[in-house]
Amino acid sequence: MELEVRHLRAICTIAEAGSISRAAVVLKMSQPALAAQLRRIERMFGGPLFERGREGARPTQLGSWVLIRSRSLLPAFDELRRDGMRYAGQAAERPRIRVGCMSSHLAITVITCLSELFPGADVLARTEEAMDLLPGLLESERLELATLGDYPGHELSPPPGVSYASIADEPIFVGLAAFHPLAGREEIELRDLADEDWGMHALAEAGHREHFWTACALQGFEPRVAYSADLSLALDLIASARCVGMFQATSKGYPGIAIRPLAGTPLRFRHLVGWTEQGPVARLAPELVTAVTTAYWAEARQAPVYAAWLDRHGPLPAPV
């Protein structure tokens with residue numbers, strides 16, 4: 001048996017549904033048929049992709065590795081199919097806006113605002129695990145719009161034919177096990193985490209990594225990144241106190257994890273949106289930026305830890 005696109009979809013659907021039975025409903029298959037297919041896929045990869053138990057199916061370490069790559073490959077296959085249909089004259093003639101999203105809470109806000117401003121458009125979204133790919137996709141006009149982020153000292157410059165606009169500057173918080181001795185603090189000093197193991201996404205952008213290392217160096221230590229993991233695995237590792245990790249301030253929280261601000265805000269990043277200057281988004285870009293910015297701050301007030309932080313400190317000022 002050779003690996004096919006439908007096998008990658010099955011793996012992703014099982015991970016998203018959390019169980020083989022629920023995934024079978026989504027895929028319109030019987031549970032035994034999907035379970036048998038998964039066993040064949042696992043034989044191809046040489047090991048189990050999921051741990052099955054009463055609570056459902058959870059990715060193994062091999063499964064997490066396969067999921068990261070599957071989720072980056074599937075949008076390319078979907079785009080190939082859609083473009084093929086378009087060139088064959090089978091797709092409806094509707095304005096198309098392809099959106100690339102970094103892994104942030106801003107993505108759904110942008111998609112929602114975009115759909116309201118362009119009600120007749122065909123909005124297609126794809127998530128990139130590595131944000132570093134998005135500027136190039138905009139420059140090559142494989143995307144019309146993207147959510148981006150940059151970091152102090154590592155600011156992004158738009159490539160030719162692309163415009164960027166700032167939405168908000170946001171502090172980066174730390175997440176640690178709810179029973180961690182530091183979890184009871186209102187804010188945590190970064191230097192107090194010098195002896196902790198850290199978890200970081202395997203595909204974290206270069207700016208994020210450099211900003212993190214620089215901030216730790218200024219606090220007098222070199223961080224020990226013991227785990228390179230995707231979000232689902234990182235949450236389990238943090239909740240079990242095997243490591244600590246960085247979280248967006250707009251996160252509304254996860255079971256077993258305490259999200260706390262860092263004193264003095266040594267870590268921060270800027271939300272950006274970027275669009276092609278010759279694409280359909282350009283004509284309503286100012287309205288889109290205003291709508292997204294308004295929605296962002298409304299969403300920020302719904303995140304308990306961030307809302308309390310904003311009450312104490314106010315929004316981060318944009319660098320001059």
Side-chain angles (χ1 to χ4, degrees), residues 99 101-116 125 127 129 131 146-152 165-180 182-190 192-193 198-201 204-205 207-208 211-212 215 229-239 243-273 288-319:
V99 185
C101 304
M102 65 174 287
S103 181
S104 81
H105 296 281
L106 192 67
I108 186 61
T109 300
V110 168
I111 292 170
T112 300
C113 294
L114 191 64
S115 299
E116 292 173 353
T127 300
E129 297 287 350
M131 191 205 72
T147 65
L148 305 158
D150 66 19
Y151 302 83
S166 173
I167 300 300
D169 287 75
E170 182 177 308
I172 297 175
F173 291 169
V174 67
L176 59 171
F179 57 87
H180 193 288
L182 297 176
R185 295 187 184 180
E186 188 174 80
E187 295 189 353
I188 297 173
E189 295 283 348
L190 180 58
D192 289 341
L193 301 169
W198 288 80
M200 180 179 286
H201 200 291
E205 55 269 21
H208 177 82
H211 176 50
F212 173 57
D230 68 359
L231 179 61
S232 61
L233 178 58
L235 292 176
D236 287 341
L237 292 169
I238 294 169
C243 66
V244 299
M246 288 168 277
F247 285 78
Q248 294 175 34
T250 45
S251 172
K252 293 184 174 67
Y254 299 93
I257 295 177
I259 297 177
R260 296 290 181 263
L262 291 167
T265 320
L267 298 172
R268 61 180 68 190
F269 78 107
R270 173 175 290 181
H271 287 288
L272 303 170
V273 292
L288 177 65
V289 171
T290 298
V292 172
T293 301
T294 300
Y296 168 86
W297 288 113
E299 183 73 12
R301 285 293 176 182
Q302 300 301 311
V305 179
Y306 194 18
W309 187 91
L310 287 168
D311 287 339
R312 294 194 302 272
H313 302 286
L316 285 175

For residues 243-262, which residue pairs qualify under side chain to side chain donor-acceptor pair (under 3.5 Å), counting only residues two or more places apart or in two chains? Lys252-Glu299
With rounding to the nearest 0.5 Å, note down the distance linking [atom1] in [X] to [atom2] in [Y].
X	Y	atom1	atom2	value
Phe212	Met200	CZ	CE	5.0 Å
Ile238	Ile257	CD1	CD1	5.0 Å
Leu288	Leu114	CG	CG	6.0 Å
Ile167	Thr147	CD1	OG1	10.0 Å
Leu262	Met246	CG	CE	9.5 Å

Quick one, [X] and [Y] - any side-chain contact, counting heavy atoms below 4.5 Å?
X	Y	answer
Leu316	Thr265	yes
Val305	Pro261	yes
Leu176	Ile188	yes
Tyr296	Glu170	yes
Glu186	Arg312	yes
His271	Val292	no
Leu267	Pro171	no
Arg301	Asp311	yes

Determine yes or no for a side-chain-to-main-chain donor-acceptor pair under 3.5 angstrom, with Asp230 supplying the side chain and Leu233 the backbone. yes
For residues [X] and [Y], report the shortest heavy-atom separation together with the two atoms involved.
X	Y	result
Ala215	Pro266	CB-O, 3.7 Å
Gly253	Ile259	CA-CD1, 4.0 Å
His208	Ala204	CD2-CB, 4.1 Å
Ala165	Val289	CB-CG2, 3.6 Å
Trp297	Ala168	CZ2-CB, 3.8 Å
Ala183	Ala177	CB-O, 3.7 Å

Report the residues that fulfil side chain to side chain donor-acceptor pair (under 3.5 Å) with Asp150, sequence neighbours left out, ordered by chain and then residue number. none
By side chain to side chain donor-acceptor pair (under 3.5 Å), which residues pair with Glu205, not counting sequence neighbours? Tyr151
Evaluate the ring planes of Phe173 and Tyr306, with Trp represented by its six-membered ring, and classify them as parallel (under 30°), tilted (30 to 60°) or perpendicular (over 60°). perpendicular
Name the orientation class of the two ring planes belonging to Trp309 and His313 (parallel below 30°, tilted from 30 to 60°, perpendicular beyond 60°). tilted
Step-by-step side-chain contact (heavy atoms from CB on, under 4.5 Å) determination, Met131 to Leu148: CA-CA 7 Å; Met131 191 205 72; Leu148 305 158; 4.3 Å; yes
